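Data first, discussion second: the structure below is written as structure tokens.
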Amino acid sequence: MNEKAIKLLGGKRPKDKNSWITVSIVVALFAVIEIIKSTGHISNLLSGLLVPICMYITLAVSLNLVVGILGELSLGHAGFMCVGAYSSALFSLVTKDAIPMTWLRFTIAFLIGGLVAAVFGLLIGIPVLRLKGDYLAIVTLAFGEIIKNLVTILHLGVDKNGIHFSTESIAALHLEEDGTVLIKGALGITGVPKSSTFEIGFIIVMITLLVSLNLVNSAKGRAIMAIRDNRIAAESVGINITTYKLFVFSLSAFFAGLAGVLYSHNLATLTANTNNFGYNMSISILLLVVLGGVGSIRGSVIAAIILTALPELLRGLSDYRMLIYSILLIVIMLFNASPKLVALRERFSLKKMLKRKKDNKKEVRADG
Amino acid sequence: MANEKNDGSRLVPYPSGALVPERDVDKTPILETRHLGIDFGGLTAVDDFSLTIGRTEIAGLIGPNGAGKTTVFNLLTNVYQPTRGDILLDGYSTAGKTTAQVNRMGIARTFQNIRLFDKMSVIDNVKVGLNSSTKESFFACMTHLFGYHKAEKLVHEEALKLLDFMHMTDVAYDEAGSLPYGAQRRLEIIRALATKPGLLLLDEPAAGMNPSETAELMENIRKIRDTFQIAVMLIEHDMNLVMGICEGICVLNYGKVIAKGSPDEIKQNPVVIEAYLGKKSESARHRSIAYQPDEGGADDAEG
Ligand SMILES: Nc1ncnc2c1ncn2[C@@H]1O[C@H](COP(=O)(O)OP(=O)(O)OP(=O)(O)O)[C@@H](O)[C@H]1O
Ligand SMILES: [Mg+2]
């Protein structure tokens with residue numbers, strides 16, 4: 001091999017700087033919050049937002065795997081979150097007394113929530129991923145709604161005869177006297193231990209983030225992005241489209257499931273409605289992905305933080321809150337996507353300016 | 001028909017009667033198609049296409065626009081399922097395989113309308129080509145543990161070697177979509193080579209290239225064959241290129257094979273000349289056949 005060429009390239013793989021920056025941002029923010037918390041200066045409002053922020057970051061990053069990295073539009077992300085939330089809540093409720101160690105119970109709850117969601121992702125993915133574009137979006141939307149609606153009518157109880165379930169009412173469970181009702185249809189699940197903390201949320205965010213960033217910078221990640229960029233060419237170099245699509249879809253569902261676990265262990269009562277597990281939620285997550293930049297994992301993280309905190313921080317404005325929120329959304333969207341603004345941004349980009357300076361220096365040196 | 005060169009490129013028949021270069025005749029052909037055909041609705045795009053390609057042969061597939069050449073490539077790579085006939089790759093049937101499986105069995109290709117992964121860097125395009133041969137598991141990719149770094153290092157070195165082979169190392173980190181046309185075509189070839197094929201299909205590799213780029217391409221195609229000891233089949237309208245490097249040529253017209261043979265035979269074949277020049281002569285086509293410096297036949301036929 002041409003020695004000069006090797007030298008030119010440093011002979012080494014370029015390190016992935018971008019990932020490190022993203023991870024550093026998240027770790028730094030975590031450290032700052034922890035410091036504020038330890039000095040007791042944290043407001044009630046902010047402390048109540050910490051777990052939801054972690055949840056939204058996890059949701060946005062995981063949806064970005066499907067939308068940005070795989071290039072398929074999914075509108076059913078909240079459905080996977082729902083599955084993770086309910087399965088793990090059920091587990092925690094049942095084992096509350098059997099497993100007294102919170103960390104162990106919660107760890108298992110996360111595994112259950114993630115894995116059940118991943119299995120759903122796989123089961124739904126097999127028939128659905130043959131579809132493309134708009135069709136896929138609509139079918140995933142429908143699946144999300146089906147999951148949410150099924151959960152709303154689900155009644156579940158146990159007694160000495162075993163497990164009973166019904167789609168009608170608690171009475172229809174026909175429980176013996178010693179029986180307990182676990183899922184009460186539209187009334188949901190009550191009594192799930194509130195184990196979610198900011199620290200655990202941070203761990204979940206880090207796992208999601210590291211796995212996603214690692215994946216993107218790997219052989220499989222390149223294959224996935226190749227499918228996105230040109231499916232026919234990807235097939236022609238031996239990439240099995242179905243395998244990769246299913247993998248991304250269920251991995252993304254797994255993380256959504258983890259977010260669901262965070263959610264369900266942060267509430268007194270877990271119920272399913274349009275705002276938490278329905279299409280509203282799916283669209284909100286998609287909004288984070290789009291605002292942060294489709295395919296940009298760091299963007300998803302930042303968008304999730306800002307947009308989750310924003311409505312709460314605007315609360316002082318009472319009635320105008322949602323109006324200002326919407327206007328801000330439009331402004332950010334324009335800033336990110338309008339060709340003229342993008343061009344303007346490029347011109348005044350800090351990175352470019354620094355680079356230009358460096359290049360100038362180099363030229364001077366070459367002249368000298 | 002006498003061939004002065006004695007580099008084993010003289011076409012000799014297999015027992016089946018199919019012609020391959022002399023040096024390949026005692027080995028299984030890399031590709032054998034039998035009576036291959038496909039209909040699109042009422043249109044028969046390719047019919048009764050039987051061809052044998054030797055293990056290290058450079059073969060040409062030519063014919064006027066719309067003759068069915070690209071369709072043949074799509075059949076060979078199972079993008080289309082044939083309506084009739086069989087394809088044997090290195091003696092094994094590819095029936096029922098997916099395009100990806102056929103690639104892993106040994107056919108790689110480029111596209112007439114370039115299909116790169118535009119948003120990815122040049123070297124990443126090559127690394128995607130190396131994907132099937134890397135040993136990175138999904139788990140290693142997600143954790144960057146379990147041999148990930150070792151595997152990535154190998155992939156990186158191999159990608160660099162391939163880029164260097166076609167003199168593209170200096171643009172390794174450029175976005176593939178931003179390359180000039182000729183470089184994009186070269187990159188497509190490198191990406192196809194990265195899948196370690198036994199048969200490389202090139203669909204109009206010289207389209208849009210200037211003469212010096214074309215000359216370099218011819219050199220590169222020969223170099224690929226000699227270095228990797230693989231067969232190359234190319235579709236091309238540039239007759240200087242086809243006649244210059246192909247050992248066996250197959251001419252298609254209206255989906256049917258109208259002639260097969262060595263460049264010299266093809267150049268003198270009246271049926272071929274008629275297919276190209278007998279009708280309203282589209283200038284590029286016209287020029288290409290007439291341009292042979294040491295070939296008077298085509299010029300005569302024109303008059
Ligand atoms: N998917 C398809 N559906 C219907 N008809 C098709 C399809 N693909 C190709 N054809 C038809 O088959 C015929 C051969 O097309 P093909 O692209 O193979 O020609 P070609 O020899 O590659 O031509 P060119 O030199 O212009 O690239 C054309 O008439 C074309 O319209
Ligand atoms: Mg064609």
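A note on names: the letters A, B, ... follow the listed sequences, proteins ahead of strands, and every chain is numbered from 1. Just so we're clear, the structure is a prediction, and the values are computed from it rather than from any experiment.
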Could you list the donor-acceptor pairs under 3.5 angstrom formed between side-chain atoms of residues 113-121 of chain B and any protein atom two or more places apart in sequence or on another chain?
| from | atom 1 | to | atom 2 | distance (Å) |
| --- | --- | --- | --- | --- |
| B/R115 | NH1 | A/N230 | OD1 | 3.1 |
| B/S121 | OG | B/D124 | N | 3.2 |

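Counting heavy atoms from C-beta on, the side chains of B/I123 and B/H156 come closer than 4.5 Å. In this structure, the side chains of B/Y148 and A/N214 stay at 4.5 Å or more apart for every pair of heavy atoms. Side-chain atoms of B/L179 and B/V122, non-hydrogen and from C-beta on, do get closer than 4.5 Å to each other.
A donor-acceptor contact closer than 3.5 angstrom links the side chains of A/S62 and A/H77. Between the side chains of B/R109 and B/N74, a donor-acceptor pair is found at a separation under 3.5 Å. Neither side chain, B/D39 nor B/T83, offers a donor N or O lying under 3.5 Å from an acceptor on the other. Judged purely by distance below 3.5 Å, without hydrogens or angles, the side chains of A/N64 and A/S296 never pair a donor atom with an acceptor atom.
Residue contact with chain A, scored on non-hydrogen atoms closer than 4.5 Å, involves the side chain of B/S132 exclusively. Residue contact with chain A, scored on non-hydrogen atoms closer than 4.5 Å, is absent for B/T110. Contacts of B/V155 with chain A are made by side-chain atoms alone, with heavy-atom separations under 4.5 Å and no backbone atom involved. Contact annotation for A/L210: only backbone heavy atoms (N, CA, C, O) come within less than 4.5 Å of a heavy atom of chain B. Of the two parts of B/F138, the backbone and the side chain both hold a non-hydrogen atom closer than 4.5 Å to a non-hydrogen atom of chain A.
For residues 247-260 of chain A, a heavy-atom distance under 4.5 Å to chain B picks out A/F247, A/L251, given by residue number.
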Go through it in stages, so that I can follow the logic: the residues are B/F165 and B/F228, the test is ring pair (Phe, Tyr, Trp, His ring centres under 6.0 Å), and I'd like the CA-CA distance, side-chain angles, deciding distance and then a yes or no.
CA-CA 11 Å; B/F165 181 75; B/F228 298 100; 5.3 Å; yes
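When the candidates B/T98, B/T143, B/V102 are compared by the number of heavy-atom contacts under 4.5 Å with chain A, B/T143 comes out ahead.
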